[in-house]
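Okay, so here's the structure we're looking at.
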Amino acid sequence: MTSLTVSAFQVPPPRKVAAAAVAVQSSKEPPFSPVTPSTTATTSDFSTPSQIRQLHARLIKSGLPLSSSASALPLLRVAAVCALSSPSAFSYARQLFRVSDATVSETVLWNSHLNTLSSSPSPADALVLFSRLLFAGVPSDSFTLSFVLKACSRSPCALPLGRAVHGLVEKLGLRFDVFLLNTLVHMYASRGDTVAARLLFDVMPVKDVVTWNIMITHYTKSGEMVVARQLFDLMPERSVRSWTAMIAGYVQWKNPREALRLFREMELAGVKPNEVTVVAVLAACADLGELDLGKRMHEFAKQRSLHKNNVRVCNTLIDMYIKCGCVEMARHVFDAMDERTVVSWSAMIGGHAMHGEAEEALELFSRMRETGLEPNGVTFVGLLHACSHMGLLEEGRQFFRSMTEDHGIVPEIEHYGCMVDLLSRAGLLEEAREFIRKMPVKPNSVVWGALLGGAKVHKNMKIGEEAIQHLMVLDPLNDGYYVVLSNIYADAGQWEDVGKVRRMMKDRGLKKTPGWSTISLDGVVHEFVAGESDHPQTEEIYKRLDELLEKLRCRGYIPDTSAVLLDMDEKEKEHVLYRHSEKLAVVFGLMNTPQGTPIRIMKNLRVCSDCHVALKLISEVTNRAIIVRDRNRFHCFSHGSCSCRDYW
DNA sequence: TTAGGGTTAG
């Protein structure tokens, strides 16, 4: 007889009430259970003030008095959320509260709603509700203010209101409430008022570890790592979050070495990492190619069962393995994941692309589409890279069209860069130039650099000169472009122009960036810089390299001196090539690892053509896999050939 | 019923 049929109230819920469903669904008791235990109604079925009144009326008719708090509280929850829609709905909710015998105070009731709204997708709703509470004279407590401050932190333009709440905190004598003051510091920091945040931090009579963490995190996020570190060094006690905030900051601001140094210090201090630390450390390992530590973090994640359950940990693991040259391990992690996001798919697609495995990248994309997951801009960067690295011209064009036509993604500068790269490498230099001319966004140095690269491969001096004109304006201090232009002239035997480029570099005070390569052995990173010889094993390395080059010459290796941008004779140029850092690092690896172990090298520049030929032959002569991560992609040398199939 | 750290393009 009291069946509250859901169908009677079914209307499309307005946006504002979305939070109501969250509020009630997250509570332990099913909504309206005292009345209709079997109903599946949710608050979204009762979403307007008039529907609430109808529901109220039915409750009264059903004989269940509103004073029974078991039936009143769910109704009050709904009413309170509807209170946002108008002042009259707000008054109605307050009336409901007064006639009910709810066991909590009115402030507690509203606090609960403020809490829900402040962490909802539209935190400004909490501010609307708070203004109604203030206007109606409902008393606030420290909980009320902390929820409002949280909403201010998350709403743009809410700084003035946040300041007003700060005034209220003082007025209510709550300045010794550390919790509330922490929320205030966080509010100032997240609304960009560093000065106010720091001032409050400095004068706070009592601070706890959270206070320090908030301030440190703010500095790390704004790139003020030195200030963050000062606070970190000063703080009286540190939690795992303090360490993690600093480590993540160093990773974010491209100082992965310091991140790992601090991580080791953290381990020595006996602090156990959590999953966020794992993510940050893995990201540092990815940057540095630190496979050993990356594997150790993977083991740690397995012990804590993070290797399947935590998508972010898995995504970072995939990225780490890819950037350390272990695409198969990355794929292993990817395949074992229970749940994958667009980040997981994009990372794996991009990983296959970086390793020249275009087929796998494209196949993975088809599988991703089958799951119904929508790709994003990053997914397409990976796909376009796969196409350009492997010369899949038509597929690349198709993806570029499809990203806009089928997926509504507006191409960004990275996508244009990939397309110019794709066209230029394929030798369609005129088309690439036309493509740049028609681009709706201003071409950057990556775009012109791609055209220059194509001009070098296809020996097109005119287009190379055009590209360099733009590059000299966009990125005047980058020496790499001059080197490429000089290579183009050298290829054509125009030595006078080679000289001109050299003089141009000299006039601008540019020196060729020294190439370096690193190899990690038992957790120690060994760095080799072209031409430098301060490694303790230098003498032995050169001796072994000499022997190796002799073997290579027997197999037809002729040093390709065109990559050397110096005014010297051929013999001297050969000597420069001979000291290239990747050759030294590979020989060091051969000397210090057992036969059969792959050698993994990281390089700051692109592998030069001479080293590319040499490394192919070295892999054959020594029967070793050599994996080189250069600034663009991976080259996996094995049995005399390279995974890039010489297309790079 | 309140606060703080994390993933893909380079």
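Every chain is numbered from 1, with letters handed out A, B, ... down the list of sequences.
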Per-nucleotide protein contact string for nucleotides 4-9 of chain B, where B marks a base within reach and S marks sugar-phosphate only (heavy atoms under 4.0 Å, - for neither): BBBBBB

Spacing between A:Leu180 atom CG and B:dT2 atom P, to the nearest angstrom: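 In whole Å, B:dT2 P and A:Leu180 CG are 14 Å from each other.
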
For atom CD of A:Glu106 and atom C1' of B:dT1, their distance in whole Å: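 So the CD-C1' distance, A:Glu106 to B:dT1, works out to 15 Å.
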
Sugar-phosphate, base or nothing in reach of A:Asn115, heavy atoms under 4.0 Å: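 Here A:Asn115 touches the backbone only, sparing every base.
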
Sugar-phosphate, base or nothing in reach of A:Asp208, heavy atoms under 4.0 Å: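 A:Asp208: base contact, heavy atoms under 4.0 Å.
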
A:Arg154 (side chain) donor-acceptor with A:Ser120 (main chain) under 3.5 angstrom: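 Side chain of A:Arg154 to backbone of A:Ser120, a donor-acceptor pair under 3.5 Å: yes, one is there.
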
Polar side-chain atom of A:Arg629 near backbone of A:Lys323 as donor-acceptor pair, under 3.5 Å: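 It does hold such a pair.
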
Aromatic stack A:Phe147/B:dT2: centroid gap under 5.5 Å, interplanar angle under 30°: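 No, the aromatic ring of A:Phe147 does not stack with the base.
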
Using salt bridge (charged side-chain N to carboxylate O under 4.0 Å, His left out) as the criterion, list what pairs up with [X], not counting sequence neighbours.
| X | result |
| --- | --- |
| A:Asp630 | none |
| A:Lys171 | none |
| A:Glu363 | none |

Stretch residues 161-171 of chain A: residues that reach within less than 4.0 Å of DNA chain B through a heavy atom: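 Result for residues 161-171 of chain A: none.
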
Criterion side-chain contact (heavy atoms from CB on, under 4.5 Å) on A:Tyr416 and A:Phe400, from CA distance to verdict: CA-CA 9 Å; A:Tyr416 290 106; A:Phe400 189 75; 3.7 Å; yes

Donor-acceptor pair present, A:Ser112 side chain and B:dT1 base, under 3.5 Å: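 No such pair is found, so the answer is no.
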
Aromatic contact, A:Phe380 with A:His407 (centres under 6.0 Å):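 Centroid separation for A:Phe380 and A:His407: below 6.0 Å.
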
Show me the side-chain donor-acceptor pairs of residues 220-227 of chain A shorter than 3.5 Å, one per line, residues at least two apart or across chains.
residue: A:Thr220; atom: OG1; partner: A:Thr217; partner atom: O; Å: 2.8
residue: A:Ser222; atom: OG; partner: A:His218; partner atom: O; Å: 2.5

